[in-house]
Protein chains: 2
Amino acid sequence: MDRRTQVRFQARAQVFKALGHPTRLFMVDELSRGERCVCDLTEMVGADMSTVSKHLAVLKNAGIVRDEKRGNQVFYSLQLPCVVGFFECVETVLAEQAKRQLALSR
Amino acid sequence: MDRRTQVRFQARAQVFKALGHPTRLFMVDELSRGERCVCDLTEMVGADMSTVSKHLAVLKNAGIVRDEKRGNQVFYSLQLPCVVGFFECVETVLAEQAKRQLALSR
DNA sequence: CAAGTCCTTGGCTATTATGCCAAACGACCA
DNA sequence: TGGTCGTTTGGCATAATAGCCAAGGACTTG
């Protein structure tokens, strides 16, 4: 893997990495239903607001969400609608896993 | 986010996390063109074979690839063809990022 | 201006991931 | 049976991540 290839896949991997956390995935799922302010997400997630804010920064940095400040609060929205299409595939993965584990247990 | 939701997104996140590493992404991309033995991948990646083996274990554990031992060597192949569909979306993300950065630099 | 709300950043600690080396393992060959 | 090849696993050092608290910045409201 040469340097150029390394860089290319590094950039791609960043997107997946950003999605590779339960809380962030949850938030993306939530944002797929419309924009939310940090306070909303914080309440839904049930973690410290600073934690949520940092997770959102990761998603924003990966180009998955975007933010918009309006008055006192900051609203995040999904910038990459196609991301939601991933989830369907992932469900397939999980279904396959479940099937395999069932087969093992018999 | 209640316990059940947490678990659900935890499982999903594992799939994304597995894809969230340059080397693993590179290997998945390579495997999308056909099965490869560990030795092949090791040479392409240019890391220690033990490192490559562990990366493959992560992918296998996430249900993305599967392995088959034939004689002396182990061949890995893509179990989740739809994963490749992700990449197209990710390209969109990266293109958007590039556009944004270009806009910023002006 | 003062005080309150909403959010981000810095700092710290605990946990997890990464990558190499060395050792173990299983299949094949002499 | 001993040796080699391809692969995995254990162990360790180093780096990256996650989450909380505390502090700071930006707006809004009194």
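Every chain is numbered from 1 and lettered A, B, ... according to where its sequence line falls, protein lines coming before strand lines. Just so it is clear, the model here is predicted, and its values are computed rather than measured. Both backbone and side-chain heavy atoms feed into the values below; hydrogens, waters and symmetry mates do not.
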Exercise for the section: Rounded to the nearest angstrom, tell me the gap between atom NZ in B/K69 and atom C1' in D/dT8. Expected result: 9 Å

Practice task
Take atom CZ of B/R3 as the centre, draw a 6.0 Å sphere, and report whether it contains more than 12 heavy atoms from other residues, nucleotides or ligands.
Solution key: no

Problem - Span of DNA chain C, from the first to the last nucleotide whose atoms fall under 4.0 Å of chain A heavy atoms - result: C/dT5 to C/dG11

Exercise for the section: Decide if atom CD of A/E43 counts as having more than 12 heavy atoms of other residues, nucleotides or ligands within a radius under 6.0 Å. Expected result: no

Problem - Whichever of A/R24 and B/A57 has its nearest DNA chain D nucleotide further upstream toward 5' - result: B/A57

Problem - Stepwise salt bridge (charged side-chain N to carboxylate O under 4.0 Å, His left out) test for A/E68 and A/R66 - result: CA-CA 7 Å; A/E68 186 189 339; A/R66 100 192 106 171; over 6 Å; no

Practice task
Assign B/S50 to base, sugar-phosphate, or nothing according to its heavy-atom contacts below 4.0 angstrom with the strands shown.
Solution key: base

Exercise for the section: Under 4.0 Å between any heavy atoms, over every strand shown, what does A/Y76 touch: base, sugar-phosphate, or nothing? Just pick one. Expected result: sugar-phosphate

Exercise for the section: Give, ordered by number, those residues of residues 2-21 of chain A having at least one heavy-atom distance below 4.0 Å to an atom of DNA chain D; if nothing qualifies, reply none. Expected result: A/K17, A/H21

Exercise for the section: Measure the distance from CG on B/L59 to P on D/dT8 and round it to the nearest whole Å. Expected result: 12 Å

Exercise for the section: Would you name the heavy atoms of A/Q14 and A/A62 that are closest together and state the gap between them? Expected result: O-CB, 4.2 Å

Exercise for the section: Return yes if the base of D/dG10 and the side-chain atoms of B/K54 contain a donor-acceptor N/O pair under 3.5 Å, otherwise no. Expected result: yes

Practice task
Treat each ILVMFWY residue as a node, draw an edge where side-chain heavy atoms are under 4.5 Å apart, and state whether B/V58 and B/L80 are in one component.
Solution key: no

Exercise for the section: To the nearest Å, give me how far apart CZ (B/R36) and P (D/dG6) are. Expected result: 17 Å

Exercise for the section: Round to a whole Å and report the spacing from CD of B/Q73 to C1' of D/dC5. Expected result: 9 Å

Practice task
Return the 5'-most residue of the pair A/A47, A/R70 with respect to DNA chain D, ranking by each residue's nearest nucleotide.
Solution key: A/A47

Practice task
Flag yes if B/F75 and B/L31 sit in one hydrophobic cluster, no otherwise; membership is Ile, Leu, Val, Met, Phe, Trp, Tyr, and two members link when side-chain heavy atoms are under 4.5 Å apart.
Solution key: no

Problem - A/Y76 six-ring centre to A/R36 NZ/CZ under 6.0 Å and within 45° of normal - result: no

Completion exercise
The residue, A/N72 or B/D48, whose nearest nucleotide of DNA chain C is more 5′ is A/N72

Practice task
Would you please say whether a donor-acceptor pair under 3.5 Å links the side chains of B/D2 and B/T5?
Solution key: yes

Exercise for the section: On the 0 to 90° scale, with breaks at 30° and 60°, tag the B/F86-A/F86 ring pair as parallel, tilted or perpendicular. Expected result: parallel

Exercise for the section: Could you tell me whether a side-chain N or O of B/S32 sits under 3.5 Å from a main-chain N or O of B/D29, the two making a donor and an acceptor? Expected result: yes

Handout entry: B/S53 vs D/dT7: side-chain N/O to OP1/OP2 distance below 4.0 Å
Key = no

Problem - Residues within residues 37-44 of chain B bordering DNA chain D, heavy-atom distance below 4.0 Å - result: B/C37, B/V38, B/C39

Practice task
Hey, can you tell me if B/F16 and A/F16 have their rings parallel, tilted or perpendicular (30° and 60° cut-offs)?
Solution key: parallel

Handout entry: Atom CZ of B/R4: over 12 foreign heavy atoms under 6.0 Å
Key = no

Handout entry: Atom pair distance, as rounded to whole Å: CE in A/M49 and P in D/dA22
Key = 16 Å

